Amino acid sequence: MSELEAEYRLDYFEEEGFHRKQCPVTDVHFWTRDPDRETCGEPPADDYSFIDNPGFDEAYTLAEMREAFLSFFEANDHERIQPYPVAANRWRDDVLLTQASVYDFQPLVTSGRSPPPANPLTISQPCIRMQDIDNVGKTGRHTMAFEMMAHHAFNTREDADNEYAYEGEVYWKDQTVELCDQFLEHMGADLEEITYIEDPWVGGGNAGPAFEVLYRGAELATLVFMSMEQDPEGNYEMKDGNRYSPMDTYVVDTGYGLERWTWVSQGTATVYEAIYPDAIEFLKDNAGVTLSEEEEDLVHRAAKLSGYLDIDEVDDLTAARAEVADQLDVDADELTELLEPLETIYAIADHCRTLAYMFGDEIVPSNVGTGYLARMVLRRTKRLVDDIGVDAPLDELVDMQAERLGYDNRDTIRDIVRTEERKYRETLERGRRKVETLAAEYADRNDPIPVDELIELYDSHGIQPGMVEDIAGEYGATATVPDDFYSLVADRHAGADATAAAEGHDDRLTDLPETEKLFYDDQERTEFEAVVLDVFERDGDEGAYDVVLDQTMFYPEGGGQPADHGTLATDDATVRVTDVQKHDGVVVHRTDGDPGTGEFVRGQLDVERRRRLMRHHTATHVVGLAARQVLGEHVRQAGAQKGTDSARLDITHYERLEREDVTRIEAVANEIVMENTPVEQAWPDRNEAEAEHGFDLYQGGIPPGDQIRTITIDDDVQACGGTHVHRTGDIGAIKLLSTEPVQDGVERLTFAAGDAAVEATQRTEGALYDAAEVLDVTPEDVPATAERFFTEWKERGKTIDRLRTELAEARASADDAIDIDGTPAAVRRLDADADELRATANALVDNGTIAVLGSGAGGSAQFVVGVPDGVGINAGEVVGRLAAAVGGGGGGPPDFAQGGGPDVDTLDDALESAPEVLRAVHRA
RNA sequence: GGGCUCGUAGAUCAGCGGUAGAUCAUCCCCCUGGCACGGGGAAGGCCGCGGGUUCAAAUCCCGCCGAGUCCA
């Protein structure tokens, strides 16, 4: 780390007369204007001295503080950028939620592959950090949802190649610190009290020097100078033990916690009271939490202590609280009783804000991904609300925050919350029933409910162990939850994680120039001319070649659209193209012959295939648009695959689709087709397009580059690389074929377009006509007739059962009975199925007769043996012996047994031996 | 995406190789002046679907479909 020391010696510090010091408490190095200062300013070295002693000229609300920050940086030549969604997985696949403002610009902008929306820029980015969930409410300063205010500058080195999307240096360390200093001064902070702590930063494969900015005990900002990337050969070893080397791009990544700043400006005891005082008032009222003045004072003093007791690093909350109580000279239990309701209220306010962000940004609850996180937060919030007895519905609480945050999809948000609440209630009811049965069982046996069962209940049924304890108590059973419960659950999940083998890159391709893509120029053209740049024979695949051309009309597989097929022809030969792939801009045509390197070829697409693919691709956009119109704005693409006969589109939606939804989507989609709307292709500047359309552009993935290709149909604009028809009318028709749930929150729509739609309709119609023919009715009458047939079929089954019983009773007259040690016995061959044998045997037994029945029906020998009560013959034993004679086995209870074997031929012999067997078994 | 659990009567579930059950709801009867309760009875099942193993599968195995849940 010492190699980095020089990195922190800024001219700005020199000019401003800063001193570099080492904190005796925390050992860190820091910079200060105050020559007498010894400590670094961070707890535990220093206290939260801003509480009751606000750090700025005025008290700010959250909105005022945000505006103060953004307008200050605007006045200092930064462009204000609108915040990104909290669902970071919309533009990157390595994280789920946005946890910092810099997430917005990773990886494409920070690596220099795409230009930033402005440079330098300022933003206040909503973030969600789930890892803080347990601390929320308790520590006085943790929130799961927060806004990170920031100013960013994106720089490239002077000696770097001119291959990046931005050039030169905007500003770096000195000006970053200066801006921070100036903003603090602007707000009225006492500059003498500010400390800049040296704290190297590492994260996400990048690293660099960084400062933490401390003021009155509060960490108000982090100034990160992201300038290195992970590199085993690198010169710098960072705190994560990895080596790093400098990058060509270097990025100013700052973070100013909006909530912290607001808090420090107000000097309230906890951050929560500063940022949503109205929500807290409402919840207190609603839950009936009222404190006396004396209690208020105690809570206030306790909160101040919680601040610097650093509870988030204390495992045992009880012990931490006891210490607080000790310092305040009050009883720990009393303090807990006083604080807990407040902590719950703080947490509820925070969680509702988190949910408002999540649902406002159109995250749909699910069993996977961000949707699962949303579900977890919602359920946790629901439990908290129930615990403390808030009777306002959850959707209203979330809506309060959504309104404050300015979301306009509030109706959908409420709908989602209500749907999720209902699902959770059903899970709880299911769980309760399950636990009740289990508790009653263990109470009977006087055993405690074992930990295995607790884990099973939680892991497989989502039942919190606390709930099991409660219910067990009601039933007089006991359950003890071990301290390491959740790690025991985690153990159950320990398993090998699948690692996908990376496909080996073909080095030979890297030397070739990017193929010029003709398919965007005129999507209707199907012929072209090109020069063969190179041909590779495919290893281990006789007669297969990869052909690279200088330009091509062939669309390579991508964006869910399969590759074009067709031919490449020279004067001498024609080869078939069976697949087309793209590797870093080089289009590779797989062919069944070698057209010859350097040859001039004419390419011809399989027109029919391409047309079908185009129709299905455009139809996919239309169906998505229709689904959004019918189901709501939260609907977005979660995946898509086009084909020649059908295509499928996965959409996010929080309820199962019903037939009615599907018919409406289909109707709207076909209206769009009939309106014959133009399908417009454009190549706008990416940042302009983003500013205009937001992230809904990228439902099919994010392409790199300065410019992106967009496809516009009505008000639906998508970044899309596929080929499309000119107007929606060219699709012809869209027929939805089926829907299926892919996962909770995602529905798959399968549909056919154009002639494929007609074919699909004809197929289903054909099936209906076939069915009608079989039933000998008109197609319209098929449903009613099928129902009638089914009902009649069931009735016949019952009639058969009844007649069988009657038949069995009729057969029960034992006039052929033989005597087995004083009991009559009927030994017969019936050649009926097992049900009939059983019924007959039952009837015989009811008449006091031993029944030994054999059947050769169905290709195997079967026996049923029934013995009346009080006759000392074990039916199972008898069956066993008889079955052995036909090469099988059997068994059953002593009064009624069944068996059989494959040798039908010896069935009669076996039956003949039955009387002896009966006697033998009786006497045994 | 991975793990686990579960699909049996209208509902909730038991049965886990050998004749498909319980409770509630429904219908009928009894008890009552009437209601609640109580008693008696009836009706109600492609045991999710498709394969396999077996003399025999609701039950065991495999696949599919569906529901739920935990984890990333």
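All values reported here derive from a predicted model rather than from experimental measurement. Just so we're on the same page: letters track the sequence lines, and every chain starts at 1.
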Using the [atom1] atom as the point on both nucleotides, what is the distance between [M] and [N], in whole Å?
N: B:rC16; M: B:rG21; atom1: P; answer: 14 Å
N: B:rC61; M: B:rG15; atom1: P; answer: 16 Å
N: B:rC49; M: B:rC37; atom1: P; answer: 37 Å
N: B:rG40; M: B:rU54; atom1: C1'; answer: 43 Å
N: B:rC71; M: B:rU53; atom1: P; answer: 41 Å
N: B:rG38; M: B:rU23; atom1: P; answer: 13 Å
N: B:rA20; M: B:rC30; atom1: C1'; answer: 30 Å
N: B:rG66; M: B:rA56; atom1: P; answer: 32 Å

**OP:** Hey, could you give me the CG/CD distance between A:Asp650 and A:Gln743, rounded to the nearest 0.5 Å?
**Re:**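 With rounding to 0.5 Å, CG (A:Asp650) is 8.0 Å from CD (A:Gln743).
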**OP:** Can you measure from CD (A:Glu456) to NZ (A:Lys434) and round to the nearest 0.5 angstrom?
**Re:** 8.0 Å
Original post:
Does the ring center of A:Tyr486 lie less than 6.0 Å from the ring center of A:Tyr458?
Top reply: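 They qualify: ring centres under 6.0 Å apart.
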Rounded to the nearest Å, what distance is computed from the [atom1] atom of residue [X] to the [atom2] atom of nucleotide [N]?
X: A:Glu787; N: B:rC46; atom1: CD; atom2: P; result: 14 Å
X: A:Leu438; N: B:rC13; atom1: CG; atom2: C1'; result: 14 Å
X: A:Gln862; N: B:rG17; atom1: CD; atom2: P; result: 21 Å
X: A:Asp452; N: B:rC4; atom1: CG; atom2: P; result: 15 Å
X: A:Leu907; N: B:rA56; atom1: CG; atom2: P; result: 15 Å
X: A:Gln743; N: B:rG2; atom1: CD; atom2: P; result: 11 Å
X: A:Lys798; N: B:rA42; atom1: NZ; atom2: C1'; result: 13 Å

[X], [atom1] atom: more than 12 neighbouring heavy atoms under 6.0 Å:
X: A:Arg659; atom1: CZ; result: no
X: A:Arg796; atom1: CZ; result: no
X: A:Glu787; atom1: CD; result: no

If we call it a pair only when both distances are under 3.5 Å in a Watson-Crick or G-U wobble match, what pairs with [N]?
N: B:rU69; answer: B:rG3
N: B:rC13; answer: B:rG21
N: B:rC60; answer: B:rG52
N: B:rA42; answer: B:rU26
N: B:rC35; answer: none

Original post:
What is the per-nucleotide protein-contact pattern of nucleotides 65-72 of chain B, from the 5' end, where B denotes a base atom under 4.0 Å from a protein heavy atom, S denotes such proximity for sugar-phosphate atoms only, and - denotes neither?
Top reply: -SSBBBBB
Original post:
How does each nucleotide of nucleotides 18-26 of chain B score, in 5' to 3' order, for protein heavy atoms under 4.0 Å: base (B), sugar-phosphate only (S), or none (-)?
Top reply: BB-------
Original post:
Is A:Glu421 paired with A:Arg425 through a side-chain N to carboxylate O contact shorter than 4.0 Å?
Top reply: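 Not counted as a salt bridge, because no side-chain N and carboxylate O are separated by less than 4.0 Å.
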Subject >> Salt-bridge criterion met for A:Arg380 and A:Asp134 (N-O under 4.0 Å) >> reply: yes
Subject >> Residue mapping more 5' on RNA chain B - nearest nucleotide basis, A:Lys794 or A:Arg433 >> reply: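 Here A:Arg433 is the residue nearer the 5' end.
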Subject >> Closest-nucleotide ordering on RNA chain B, the 5'-leading residue of A:Lys434 and A:Phe790 >> reply: A:Lys434
**OP:** Classify the ring geometry between A:His653 and A:His634 as parallel (under 30°), tilted (30 to 60°) or perpendicular (over 60°).
**Re:**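 If you compare the ring of A:His653 with that of A:His634, the planes turn out parallel.
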Original post:
Would you call the rings of A:Tyr84 and A:Trp91 parallel, tilted or perpendicular, where under 30° means parallel and over 60° means perpendicular?
Top reply: perpendicular
**OP:** Measure from NZ or CZ of A:Arg92 to the centre of the six-membered ring of A:Tyr103 and say whether it is under 6.0 Å with the direction within 45° of the ring axis.
**Re:** yes
